[in-house]
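Let me begin by presenting the structure, written as structure tokens, before commenting on it.
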Amino acid sequence: MNEQRRIVAGALVRGALESRTIKLRRLLTTRPLSFLMEAHNGLSAKIAEEACFEGIWASGLTISASLGLRDSNEASWTQVLEVLEYMADAASIPILVDGDTGYGNFNSVRRLVRKLGERGIAGVCIEDKLFPKTNSFIGEAQPLADIEEFCGRIRAGKDSQTDDDFTLVARVEALISGRSMAEALQRAEAYRQAGADAILIHSKQSTAAEILTFTREWADRAPLVIVPTTYYATPTDVFRNAGISAVIWANHLLRASITAMQETARAIVAEESLNSIEGRVASVKDIFHLAANGELEAAERRYLPATQQTRAVILAASRGDLGSLSADTPKCLADVRGRSVLQRLLDGFGAAGVRQNVVVRGFGRDKVSAQGVAFVDNERFAETGEAFSLAQAEEWLDGELLVSYGDILFRDFILRGLLGTAGEIVIAVDIAGRNGKGDRARDLVAADRPLHDDYDEAPAHLTRVAADIGAEVAGGEWIGLARFSPIGVAWLREEIDALRQDGLLETADMPLLLTRIAAKHPVALHVFSGHWMDVDTLADLAAARNFT
Ligand code: SPV
Ligand code: MG
């Protein structure tokens with residue numbers, strides 16, 4: 001494809017379908033002025049992309065420095081290649097690699113270009129110096145490559161690219177090395193004729209004077225790229241008006257992170273505390289965002305068996321009425337033969353493969369802790385009910401979900417049965433519990449047909465959960481354990497919103513929430529007989545100690 005047709009094709013397929021090589025070619029070889037941001041690993045590549053840069057400069061200086069090495073080819077080129085692979089995986093924008101001298105002669109450049117193409121790199125820049133290289137800002141009069149020999153490196157690179165749109169930029173170091181403007185122009189012209197797609201003209205002056213002179217004399221023979229690290233004060237419009245194609249901001253993400261890391265380290269060492277820096281550093285959530293944890297969660301929903309991706313939200317905000325035992329600790333912490341009710345629940349969920357437990361705390365929340373559990377607090381536990389507690393955990397209501405009271409004990413088979421019952425929402429119902437508690441029974445269940453625990457092809461469905469269901473109608477008692485599929489979770493969230501709109505969220509209990517959902521959507525019943533209990537009273541607690 002000749003240049004003109006390629007650009008036309010590029011314009012037609014611009015956007016998601018356009019390859020990274022075409023994108024880089026367009027931004028380096030056409031006006032208006034484009035910008036490449038330095039990055040040195042996967043994280044900084046993502047940050048550059050998130051900031052809306054169109055492309056990345058994979059800087060030799062900053063990749064070396066981030067590995068703890070000097071910019072003197074101390075990292076082997078295959079080690080650099082590994083870093084580049086992380087970067088190309090992390091960001092979707094094109095990467096122009098600082099290929100130093102090409103790591104040797106024409107033969108090294110051939111293999112380098114092939115390997116870069118395989119790793120999704122869009123272009124490489126090679127400089128007319130000798131291996132091992134020295135950074136351009138170190139010393140004076142660095143030796144330059146022989147022009148003919150360097151042209152051989154360029155031709156070898158161009159002949160080795162497997163993608164027509166791969167870009168090879170030739171970097172002219174003549175001005176850096178104190179050679180004349182004439183030599184700089186002579187070298188650039190030779191490199192253009194050898195097949196370079198663009199020329200990077202480098203300078204270490206504090207003004208853009210020699211770059212602008214070069215640009216004028218060059219007269220647009222090929223696109224020009226510059227690196228204004230030392231002439232940073234020059235207004236960018238000067239480059240734009242001069243007709244330069246691309247500016248590389250060559251090392252600023254690394255330098256910014258060095259400053260931030262040094263200040264943070266010094267503060268923590270001096271203060272022996274994290275307190276003053278917490279608000280000044282990225283949050284752990286920011287790390288999860290940059291690592292695209294959300295994408296992994298979505299993939300888990302697609303690929304993992306349902307039980308391995310279930311999350312449990314445990315409502316443990318209420319104080320309970322366990323006499324002096326609940327004077328300052330919530331009833332979920334009542335001890336049942338060496339483990340609290342809550343810990344027994346958590347252990348049971350863990351054994352069933354539940355991925356994550358979230359506990360909503362309220363009364364005595366400072367006392368409620370556990371390993372590997374996320375906590376949410378209902379500060380208004382005293383005047384609000386269960387639906388409000390659940391709503392506090394709204395950000396966790398996602399994917400496959402279990403909702404459980406925090407004061408129940410049940411045998412493993414009940415949870416296994418619940419997890420194995422088909423339905424978008426399934427609740428665990430004890431048919432022996434319909435009359436068991438007399439006045440205390442609150443979560444009585446009315447169903448769309450009589451309940452029994454013989455084998456049934458299809459589950460019965462909920463019509464109502466409430467305390468005032470007559471014994472003759474009540475099919476059983478909800479034990480405080482419910483399962484929601486992602487669709488069921490959407491219904492749950494909708495109903496929480498509806499309660500909020502109706503001004504009922506603060507006072508609603510789970511029976512009301514489930515009853516309202518059941519009026520709109522099927523809520524299936526997983527039915528069994530006995531083998532569970534809740535801990536409402538001291539008598540319950542005594543019974544619980546025999547239960548386990
Ligand atoms: C780099 O970023 O590694 C460069 C640009 O090559 S400079 O450090 O200016 O030489
Ligand atoms: Mg470099």
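Counting from 1, the numbers follow the sequence of the chain as shown. Counting starts at 1 for both ligands and their atoms, following the listed order.
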Non-hydrogen atom of E38 closer than 4.0 Å to ligand 1: no
Sub-4.0 Å heavy-atom approach of K204 to ligand 1: no
How does [X] reach ligand 1, by side chain, by backbone, by both or by neither, if only non-hydrogen atoms under 4.0 Å count?
{"X": "R171", "value": "side chain"}
{"X": "H202", "value": "side chain"}
{"X": "L61", "value": "both"}

Can you check whether [X] has an N/O within less than 3.5 Å of an N/O in ligand 1?
{"X": "V227", "value": "no"}
{"X": "T62", "value": "no"}
{"X": "N251", "value": "no"}
{"X": "E127", "value": "no"}

Proximal atoms of ligand 1 relative to [X] (non-hydrogen, under 4.0 Å):
{"X": "W57", "result": "1 (C), 2 (O), 4 (C), 6 (O)"}
{"X": "N135", "result": "8 (O), 10 (O)"}
{"X": "S136", "result": "10 (O)"}

Salt bridge present between R26 and E18 (N-O < 4.0 angstrom): yes
Under 3.5 Å: donor-acceptor pair, side chain of N73, backbone of P132: no
Over all atoms of both residues, closest heavy-atom pair of L415 and G348: CD2-O, 4.0 Å
Considering all heavy atoms, the nearest L28-A246 contact: CD2-CB, 3.7 Å
Working for ring-ring contact (aromatic ring centres under 6.0 Å, His included), residues H40 and Y86: CA-CA 10 Å; H40 47 274; Y86 284 107; over 10 Å; no
Heavy atom of the protein closest to atom 2 (O) of ligand 1 (residue, atom name, distance): S59 OG, 2.7 Å
Heavy-atom neighbours of [X] [atom1] exceed 12 at 6.0 Å:
{"X": "R119", "atom1": "CZ", "result": "yes"}
{"X": "R493", "atom1": "CZ", "result": "yes"}
{"X": "D237", "atom1": "CG", "result": "yes"}

Shortest-distance N/O/S atom, D98 versus the Mg ion (ligand 2): OD2
Row check, F375 ring normal vs R365 NZ/CZ: under 6.0 Å, within 45°: no
